[in-house]
Structure formats: structure tokens, C-alpha cells
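Written out below as C-alpha cells is the structure these notes cover.
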Amino acid sequence: MAQKPSIAKGTRDFTPEEVTKRNYIVNTIKKYFEVFGFLPIETPSFENSETLMGKYGDEGDRLIFKILNSGDFLSKVNDELFAKKDANILTPKISEKALRYDLTVPFARYVVMHQNEIDLPFKRYQIQPVWRADRPQKGRFREFYQCDADVVGSTSLWQEVEFVQLYDTVFNSLGLKNVTIKINNRKILSGIAEVIGAKDKLIDFTVALDKLDKIGEDGVKKEMLEKGISKEAIEKVQPLFAFDGANAEKLKSLKSLLSKSDEGTKGVEELEFILHAIDAIGLKGAVLELDVTLARGLNYYTGAIFEVAAPAEVKMGSIGGGGRYDDLTGIFGLKDVSGVGISFGLDRIYLVLEELGLFPGSVSENTKVLFLNFGDKEALYCLKAITKLREAGIKAELYPDNAKMKKQMTYANKRNVPYVVLAGSKEIDEATFTLKSMNSGTQDTVSFQKLLEAVQH
RNA sequence: GUGGUUGUAGCUCAGCUGGUUAGAGCGCUAGAUUGUGGUUCUAGAGGUCGCCGGUUCGAAACCGGUCUUCCACCCCA
């Protein structure tokens, strides 16, 4: 006897109900991607390793799933190499492909490879699974879907404005009110680091600042000290910790803080542009909030940074994120193509909607009419009617076996089928059908036309 | 990658300081009901106690390893 089967860590099966609900989210996102003018593309689930490696930092490299070479994958490894046991040297010898880690880097590769057939600015969306060799946690899986929309070939800040609208539109349509779209600008972070004289420590500085709401002011200061940022520098950032109030006030104090940094001032101006535009247009349900502590790990962001936080009552990490990257395709040799994009975290949105009970009741795609099977002659009679119902777009099916009636009825009941049709020799002789409503328990013997009408609404 | 946590019937879980044949509820199958589901009643099936090894006269229980679950950190959607 075989062992009980299992699935790999951090992966999941999806039941028909779950897939239906996931489709509901995906279809909503897809609809608005298209309404906003984005075109769909798809890329392979695995890429050449050199396309992915080194694009996400050391931490990212560790989390990339590597694919073992096919055939004799040890053929390029000699004893000397093997004896060293150095994974960094050995890995490229035995693995030349890797599973996609996100959709942005493959998109950058796509743009470079298809540069001659793409009309800039190019707006694309992509909804595909990605894989990370992470330790699973709540809302963290090793296989999960990203839903990305990006624009390349335009530096216009109107794109950022539209992305904020897109986030607002999608989450509003999903019934998810009170999401917070946090926005910041990489140039502001750079500017702050410059002003306090810690420009070489930009990454450490932003990573520490990012943790403010998690470990508090003292925790952040402690981490900055540990990373070698001077006490005087930390002193100068003090205003950031007391940052509060409306976006306009925040902008004002940022302006004075960064007056001596060209880059920082540029960042504030960009942010101001976006905030003013959104202010003038208005949002349906989301709140746009300037958050100077928002950093995001990906190193390629150069301008605006977005992150969407779920409603406060749900304990969940971010359900979306994105930003502006001025030179993403530069890593593949195509200079001066600016991009900006956002991502929706499908799996986390699912968990949030589930927790808040926001899935509409009508997402089920159930069969509407089940015809019971009393034998081949009766089944043929039923299938003719079923064919006509299907032509009318009604989900109808025949119970495949001539099983006991109780069994067939139980099946209909469990499947939550609202109507059952019984047609035996009596009905065949009269050219009628007995239609039973499973909800009320009542039944009537009717003509096909009446059956169709009854089932149609 | 670091630290902790979890695993017993299809599901949710009991199972005492190690001691006969491992239990419950729900679900499942059959019957009461020969062309009628949900409710009720009756009966029944279903477990190598995650896996491998060790301690012991004896292990679901104790020990080691491993896989898995969930959580925190790291990082991130």
C-alpha cells in the first residue's frame, strides 16, 4: 500500500469553491486593468538563472528556487570543486534555470527582448504565479500569485496618479473599504540620509526606519546605532518620529527638513504633485497617506513607492505594493526606460475578504438543474431537454448512473442544486417533466416550455 | 537562514505519572421509507497514533533524527 500523499511545503490545493472565489478577485482586477488600458502578457514560469540572480539582493538570491540541470547534472563538477562545498560556486554548475521570483524582472527582460515591436509607453498587466523558497507563515506561501500592472517608457507623474486610482477602484469594487494606500518617495529617503550625513548608509537607514510601527522609536534608534549611523545623525531625524497630521502638514515639514538636498526636494515636489492631483479627483474608498517610514526592500525603486495596507482590523501584511524604477531595463542593457508599476497580492486579498466576509453570495457557479436518471430510455429523453436548456445558457446536468433515487436526491441536495427534474415513463408518455424545487420541496408536472421559464430566473 | 510550535478516523479533537482490544462529535455507508433530499431513529465501515530509529517486559505517550503545520525574527505579496 502506498504512503499517504502530501504536497510540498508552502503550496496549496484549491477546492472548486476556493477557485471560484479566487476567480472572482482575479476577474475584478483584470477588468480594471483593462479598463485602465493595460494589455496582458505572460512569461515562462522559469527563466535562465542569470536573468534572475542578483536582481533582488543576497536575500533574494537565497529565496530563488533553482532548477537542477537535466541529465547528468554533476558532469560539470570535478572532485576539487565538490570538495570545497561552496554553494555559490557549485550552484551555477549544476543549475542554469530558476523559477520566477516576481513578475517585474521577467517583464524588464521582456521589454528589452521585444523593444523593437513595443510602442512606448507600454502598459502591460500580468497575472501569474511566482515562487519563493521562504518559510511559510500567515499569508506567506512558497507558491503564490501576483497581479502586476506596469507602464514603461514614460516619466510622467500622471502614471503614479492613475495607479493610486487603480488601487482605489479595484479595492472599492471588491467591497474592501478603508484600505490605506501608503505612498513615499525614494528620493525623500535619499535626501534625508544625505541631510543627516548618512548617505552611505541609505539601505540600513531605510530598513530601520521601515520598522517604526513595529519596534517603535527606541527600537529604530537602537538599530540605526547598531548599523553605524551616528548619534548626531539620528538626532537630526527626530522630527520624523513625531510625524503626524494631514498629508499637507507632512509635506510642509519635509520641505523644510530637506531644503538643503536637491534630490530630497525633488522627491517632495513629486509627491506633492501626486497628492494634489488625487486631492482634486478624490478617491472612492481608499485613503492615501504619506508615510515617510515606508521603504520597501527592492533596491531598484527610484521614485514613488506604494504599499497598500489591509483594513486595520485584519492582521495582515501588505496586500499590494509598487513604485517607480527609473532604469529597470538598464540591467539588461536598455538604458533610459523608466517604469512604474503596482502589484496586487491575490492570496492575501483572498484571506482578507474571507476574514471580513466580503465575498458576495452569488459567486457560486453551481449547476441549476439536475435530471435524475431512471434508465437509458429516460436518460435519452432527459438529455434532449438538457441540450436545449444548455443552449439557453442554463447549467444543467444528468445524473450519470441509474442509481437509487434516494442517492440521486442526496447528491442534488449536497451539491446545493436548486432544481431537480424527474422524468419516468409517465412523463415521457405525456411529454412532460416533473420539476421539483429543492428549496421549497414542492413539485409540478409541466411542459418543457414551462420548465424552461421556471428555471430561467 | 535563526528560534519556538504542531501532527491520533474523511473533518474537529479527547486519550491520566508508559500497562489489555486507541475513543467522541460531525461526516460517510446501509436500513426504517420498492418514484423523492434536508429532520429523526437503528446498524455498520473506517486508524501501520506523520515517518525512521532508540529506551523499555511493554510506547500514541519518554528520547534522538526527519518531514509537515502554525507563529516570531530575517525578508516580503
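Chain A is the first sequence line, chain B the second, and so forth, proteins listed ahead of strands; every chain is numbered from 1.
- A:Gly10 comes within 4.0 angstrom of the backbone, heavy atoms only, and of no base.
- Taking atom P in both B:A14 and B:C52, one finds a spacing of 24 Å when rounded to whole Å.
- Aromatic rings from A:Tyr32 and A:Phe171 are positioned such that their centres are separated by 6.0 Å or more.
- For A:Tyr125 and A:Phe33, the distance between ring centers is under 6.0 angstrom.
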Discussion item. Only Watson-Crick and G-U wobble pairs with both distances less than 3.5 Å should count. Give RNA chain B in dot-bracket notation, marking inter-strand partners with |.
Written reply: ((((..(..((((.....[...)))).(((((.......))))).....(((((..]....))))))..))))....

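- With P as the reference atom, B:U5 and B:U66 are 15 Å apart, rounded to whole Å.
- Mapping A:Gly441 and A:Gly60 onto RNA chain B via the closest heavy atom, the residue that lands nearer the 5' end is A:Gly441.
- In this structure, A:Lys9 places its NZ atom 12 Å from C1' of B:C70, rounding to the nearest Å.
- Rounding to whole angstrom units, CZ of residue A:Arg142 and C1' of B:U68 are separated by 11 Å.
- Between A:Arg415 and A:Glu397 there is a salt bridge, since a side-chain N of the basic residue sits under 4.0 Å from a carboxylate O of the acidic one.
- Atom pair A:Ile7:CD1 and B:G7:P shows a separation of 19 Å (rounding to whole Å applied).
- A cation-pi arrangement is found for A:Lys21 relative to A:Phe359, the charged atom lying closer than 6.0 Å to the ring centre and inside a 45° cone about the ring normal.
- Heavy atoms from other residues, nucleotides or ligands lying under 6.0 Å from OH of A:Tyr145 number 12 at most.
- As a whole-Å value, the separation of A:Glu307 CD from B:A77 P is 7 Å.
- Rounded to whole Å, the separation between the P atoms of B:C63 and B:A24 comes to 29 Å.
- At a threshold of 4.0 angstrom between heavy atoms, the contacts of A:Ser343 with the nucleic acid are absent.
- If you check every strand for non-hydrogen atoms under 4.0 Å, A:Val207 touches sugar and phosphate atoms only.
- A:Phe141 places its CZ atom 15 Å from the C1' atom of B:U68, with the value rounded to the nearest Å.
- Applying the 3.5 Å distance criterion, the base of B:C75 shares a donor-acceptor pair with the side chain of A:Arg140.
- Distance A:Glu59 CD to B:G1 P: 11 Å, rounded to the nearest Å.
- Summarising the geometry, the separation between CD1 on A:Ile319 and P on B:C76 is reported as 18 Å, rounded to the nearest angstrom.
- For the C1' atoms, the distance from B:G47 to B:A22 is 9 Å, rounded to whole Å.
- If you check every strand for non-hydrogen atoms under 4.0 Å, A:Asp58 touches nothing.
- Residue A:Val151 comes nearest to A:Pro121 through the heavy atom pair CG1-CB, 4.1 Å, listed as atom of the first residue, atom of the second, then distance.
- Rounded to whole Å, the C1' atom of B:C11 lies 7 Å from the corresponding atom of B:G27.
- Within the structure, a side-chain polar atom (N or O) of A:Gln137 is placed less than 4.0 Å from OP1 or OP2 of B:A72.
- The C1' atoms of B:G35 and B:U40 are separated by 22 Å, rounded to the nearest whole Å.
- A:Asp376 CG: 12 or fewer foreign heavy atoms inside a 6.0 Å radius.
- The base of B:G3 lies close enough to the side chain of A:Arg135 for a donor and an acceptor atom to sit less than 3.5 Å apart.
- Ring orientation note: the planes of A:Phe122 and A:Tyr110 are close to parallel, at an angle under 30° on the 30°/60° scale.
- Atom P of B:U8 sits at a distance of 10 Å from the matching atom of B:C51, rounded to the whole Å.
- One can place CG of A:Asp134 at 14 Å from P of B:U2, the figure rounded to the nearest angstrom.
- Between A:Arg140 and A:Asp347 there is no salt bridge, since none of the side-chain N atoms of the basic residue sits less than 4.0 Å from a carboxylate O of the acidic one.
- Residues A:Arg348 and A:Met409 both approach RNA chain B. Their nearest nucleotides, taken by heavy-atom distance, put A:Met409 toward the 5′ side.
- Counting any heavy atom pair closer than 4.0 Å across all strands shown, A:Phe344 reaches no nucleic acid atom.
- Within the structure, every side-chain polar atom (N or O) of A:Lys436 is placed at least 4.0 Å from both OP1 and OP2 of B:U36.
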Worksheet item: When you check every protein heavy atom under 4.0 Å of nucleotides 27-35 of chain B, what one-letter string (B, S, -) results, 5' to 3'?
Response: -S--S---B

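- The aromatic rings of A:Tyr56 and A:Tyr101 sit tilted, their planes meeting at an angle between 30° and 60°.
- Taking atom P in both B:C26 and B:A43, one finds a spacing of 14 Å when rounded to whole Å.
- In this pair, A:Tyr411 and A:Tyr399 present their aromatic rings perpendicular. The plane angle is above 60°, beyond the 30 to 60° band.
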